[in-house]
Amino acid sequence: QVDTTQFGRTFQDRTHVFIVKPRPAEVSETARIVNYNVRGRRGNIVQVYPSVEYDFVPPDLAVPEGTLLHFQWVGSDANPKGNAGNGRQGTDRTNLVQVSSRGDTVPLPIDRHTLLFDAQGDVGNAEGRRLVDAFAFLGQDLVVDCDPGENNEQATSNCKQLNGASAYFDGGLVEMTQVGAHNVVSTRNNDFSNRSQKATITVLPRWRWFELLGIVLGVALGTCLLVYLGVALHAYRRPGSVCFSSRFRPRLLRLVLSRRKMRLKLEERRLATGRAPQAEGHIGDAFAVGDLSDGSPAVVGRTAMDVGAGEKAPNLADSGPVAELPMANKKARWWSRHGFKEQRLAMGLYGVLNLIVFAIGFFTHLYGGFGGSLAYPLAKGGGFMLDLNLSVVVLPTLKSLQTALRSVGATREWLPFDDPIAFHVQVAGLIFLGSVVHVGAHVWHISVIRSAPVMQRDPLGLWDLTSEERVGGSSSGELLWDGGRCVPISGVLVGALMAAMAVTAMPCLRRGLTRCGARLGGYNLFWRVHSYWKVVYVLLLLHAPARLWIWFFFPAILSAVDRLLLANRHTPYVALRAAKALPRDVIALTLEAPRGFSYQAGQYVLLGWRGEWHPFTLTSAPEERDLSLHIRAPSSLDWCSALRRRLLVEAPAAAALPGCPVAAPAASGSASSSDGAHRAKAAPKERHAGVTVVKYSAHTYARQQLVYCRPRSCSSAEDVEDAAGDDQTSLPGN
């Protein structure tokens, strides 16, 4: 039922009219005009609801130098009479004066004014002084007779409260010429009963064309100078490089180096670039032969014949025919002389391979974007880079496969496996670069689709619309959902997981060097996050099912090979014989060598505890009966320090053996739950405990055929020699 007496009635006219005036003829068409206004009405926050209290709009404005600000605002004479505020009841008035900071309320003297004109630099600016007066008093003296002694807030002659001013104020166009931050306030409305009406107008410097030209030239010259100095330094350090040749040698070296030093460098270049004949049947690198100042032949470097620098070279004329170096070795030596060793050259070639893959993805999808946009081929190029790098990034983490590849002599010449972690990090950097290109281009492509005109929706498929006509004008949510497909959602999840892996791999978090990193878990957090790599590859299968053979095949094959190699060498358990505390937070572990276990000097083993596996180099000789490991376990390494506490403090204390200490509360708990402060406090207590060697014995759990170790004796610092002698006795095995 509708009340016809009330329906359709208008109780208050809230319509407003504003007029947009044309740009003044004297103002350039390229000049920027910004309107500076005031919002809100008289009263406190409760009385003005749903409006707001007084405020400048915008309260924090930043404009470039030369911008024209149009100061104008409109007040009111129809506010409720009881609303809190200053001046005549029911009126809204606003003025603008400059203060030194947002925390001040006292206006600046006119000789320190900087907003409307430079008072100190242009003292005689009459127009600037007129603007300061007009913005402060709103031109009241032209309307009423102001009485400075009047304190009645309802009197129109009380110009201190702006009672004689008009509700509308138009300050006109004012050019911002003074660079810096200018703080302003309204003296009438900046009161305890109202919100503080203050603002900051920041004028940013605008570079002129000759200033920009000077900056560009300066940056260009500075870059050239740095490159020139870098080339000169490279030429000085590597006289055999092309940078030290007579054609490209920097003149700076002639000015800086003495004649004697220059002669020595020239001699080094002559020896480095001279061809070194190699006698047939010799093993090792060829000699770099040259002549010394006295005319006698000499060699530089050391070969399999153990000839040192400055020694007399052997007479190669009597060695038979000279063997010519293969072309591949010549090229490798040429790259090496110019600073590209095998690993650096391999990474350079891998970077070139990334560029080739990017080009393939870009040009094969060049015309597949919406409206011919280049965003789509860029995204595909970045995606192809991700295809390559995500299939390679797993390789450095497969330690068994690395060991097998190292055993093949030829692989060391072309696979950068001397530092697999560094190679893994470099590939991860390429993944980050490909992700930025891939995601950024897709975001660009989505913005292109959103800005396109919306065609008639065809949910029933009655019209023959093209793919561009169907998606044109779609929102970001519709494009991300994509009809329930998993491509956008899986891409977001993959990006989040990869970002988490990158963040937790930072040294400050991985090693727990900071308080935040230690509290988050340090290496444990890094290990847990990186254990989701299988989830990442599953999501990648959902993200790009058409390229299954790239996302899944290579990582799966390499992982399977690594697991097979690891299974052949894996021993489910070893018996711990002794744990020994050494200086500088080092622990020595003596392990019983498993049956049939053979190794060579310098190889490593994977030690597992609490679900984590870490590689450690064997410090024992292959001829010894036991295996020994020396592990650095400072408090900053959570897993190693927790293992140290477990073997030297917690386990002996739990066994309650004679001579073993009682574990301190600060030293208990796992590494993941203890922060850096607890670890720092635990270390001194372990040292004061007096335990140097803890002997362990192996036991078998009959039901599951599980071997475990328990402490059987503890030795103090005085019994170190006896404990060392006891280490030579054999213990019963499993």
Side-chain angles (χ1 to χ4, degrees), residues 18-40 54-75 93-139 162 165-166 168-190 195-216:
F18 65 92
I19 301 173
V20 179
K21 295 182 178 180
R23 180 185 293 263
E26 64 274 11
V27 177
S28 172
E29 293 293 335
T30 60
R32 183 189 180 195
I33 300 177
V34 178
N35 185 35
Y36 200 73
N37 216 306
V38 172
R39 66 177 179 178
Y54 295 117
D55 201 1
F56 289 106
V57 181
D60 295 287
L61 176 65
V63 294
E65 182 184 4
T67 302
L68 298 175
L69 291 190
H70 187 191
F71 293 92
Q72 62 169 339
W73 48 79
V74 61
R93 299 292 186 271
T94 300
N95 66 337
L96 184 148
V97 297
Q98 188 175 359
V99 291
S100 60
S101 67
R102 293 284 284 263
D104 292 339
T105 57
V106 179
L108 284 176
I110 195 170
D111 57 352
R112 295 178 55 191
H113 199 89
T114 58
L115 174 63
L116 302 177
F117 79 108
D118 184 10
Q120 296 182 350
D122 191 5
V123 181
N125 191 338
E127 178 63 20
R129 293 177 175 271
R130 185 195 67 80
L131 287 176
V132 172
D133 183 77
F135 276 71
F137 293 101
L138 308 183
L162 309 179
S166 171
Y168 174 71
F169 172 75
D170 184 3
L173 297 177
V174 180
E175 183 178 2
M176 297 291 101
T177 59
Q178 302 302 312
V179 177
H182 313 280
N183 302 294
V184 296
V185 66
S186 174
T187 56
R188 165 162 166 160
N189 301 326
N190 193 68
R195 181 179 296 173
S196 170
Q197 187 177 357
K198 296 179 180 180
T200 300
I201 301 175
T202 304
V203 181
L204 305 175
R206 171 176 289 177
W207 301 102
R208 297 170 178 82
W209 68 269
F210 54 86
E211 295 174 335
L212 293 176
L213 180 60
I215 293 175
V216 172

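Bear in mind the structure is a predicted one, so any value in this text is a computation, not a measurement.
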Any idea which heavy atoms bring [X] and [Y] closest together, and the distance?
X: Val203; Y: Met176; value: CG2-CB, 3.8 Å
X: Thr105; Y: Val99; value: C-CG1, 4.2 Å
X: Ala31; Y: Leu68; value: CB-CD1, 4.3 Å
X: Tyr36; Y: Ala199; value: OH-CB, 3.2 Å
X: Gln178; Y: Thr114; value: CG-O, 3.0 Å
X: Thr94; Y: Ser186; value: CG2-OG, 3.9 Å

Considering residues at least two apart in sequence or located in another chain, which fulfil the salt bridge (Lys or Arg N to Asp or Glu O under 4.0 Å) criterion with Arg130? Glu127

Check the pair Asn183, Ser101 against side chain to side chain donor-acceptor pair (under 3.5 Å), reporting the backbone distance first and the verdict last. CA-CA 6 Å; Asn183 302 294; Ser101 67; 5.7 Å; no

Under the rule for side chain to side chain donor-acceptor pair (under 3.5 Å), what residues qualify as partners of Asp133, not counting sequence neighbours?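 Expected list: none.
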
Hits for side chain to side chain donor-acceptor pair (under 3.5 Å) against Thr67, two or more places apart or cross-chain, chain-then-number order -> none

With a 4.5 Å limit on heavy-atom distance, are the side chains of Leu96 and Phe56 in contact? yes

Let's go through Arg32 and Val34 carefully: what are the C-alpha distance in whole Å and the side-chain angles of both, what is the deciding distance for side chain to side chain contact (heavy atoms under 4.5 Å, CB included) to 0.1 Å, and is it a yes or a no? CA-CA 7 Å; Arg32 183 189 180 195; Val34 178; 3.7 Å; yes

Can you tell me how far [atom2] of [Y] sits from [atom1] of [X], rounded to the nearest 0.5 angstrom?
X: His182; Y: Thr200; atom1: NE2; atom2: OG1; answer: 10.5 Å
X: Asn95; Y: Leu162; atom1: CG; atom2: CG; answer: 4.5 Å
X: Leu108; Y: Gln98; atom1: CG; atom2: CD; answer: 5.0 Å

Contacts of type side-chain contact (heavy atoms from CB on, under 4.5 Å), residue [X], not counting sequence neighbours:
X: Ala136; result: Val97
X: Val132; result: Ile110, His113, Leu116, Phe117
X: Pro205; result: Val179

Could you please spell out the steps behind the side chain to side chain contact (heavy atoms under 4.5 Å, CB included) verdict for His70 and Val174? CA-CA 6 Å; His70 187 191; Val174 180; over 6 Å; no

Does a donor on one side chain and an acceptor on the other come within less than 3.5 Å for Gln72 and Asn37? no

Between Val184 and Leu115, is a side chain to side chain contact (heavy atoms under 4.5 Å, CB included) present by the stated rule, with each step listed? CA-CA 9 Å; Val184 296; Leu115 174 63; 3.7 Å; yes

Without swapping roles, check the side chain of Arg129 against the backbone of Gly124 for a donor-acceptor pair under 3.5 Å.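 It does not hold such a pair.
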
Kindly say whether Arg188 contributes a backbone atom to a donor-acceptor pair with the side chain of Arg93 at under 3.5 angstrom? no

Before giving the answer on side chain to side chain contact (heavy atoms under 4.5 Å, CB included), spell out for Leu173 and Val27 the whole-Å C-alpha distance, their side-chain angles and the decisive distance to 0.1 Å. CA-CA 10 Å; Leu173 297 177; Val27 177; 3.8 Å; yes

Residues which pass ring pair (Phe, Tyr, Trp, His ring centres under 6.0 Å) with Phe169, listed by chain and number, not counting sequence neighbours: Trp73, Phe135

Pairs meeting criterion salt bridge (Lys or Arg N to Asp or Glu O under 4.0 Å) with involvement of residues 102-121, two or more places apart: Asp60-Arg102

Pick from Thr187, Asn189, Asn190: which one makes a side chain to side chain donor-acceptor pair (under 3.5 Å) with Gln197?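 The single option meeting the side chain to side chain donor-acceptor pair (under 3.5 Å) with Gln197 is Asn189.
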
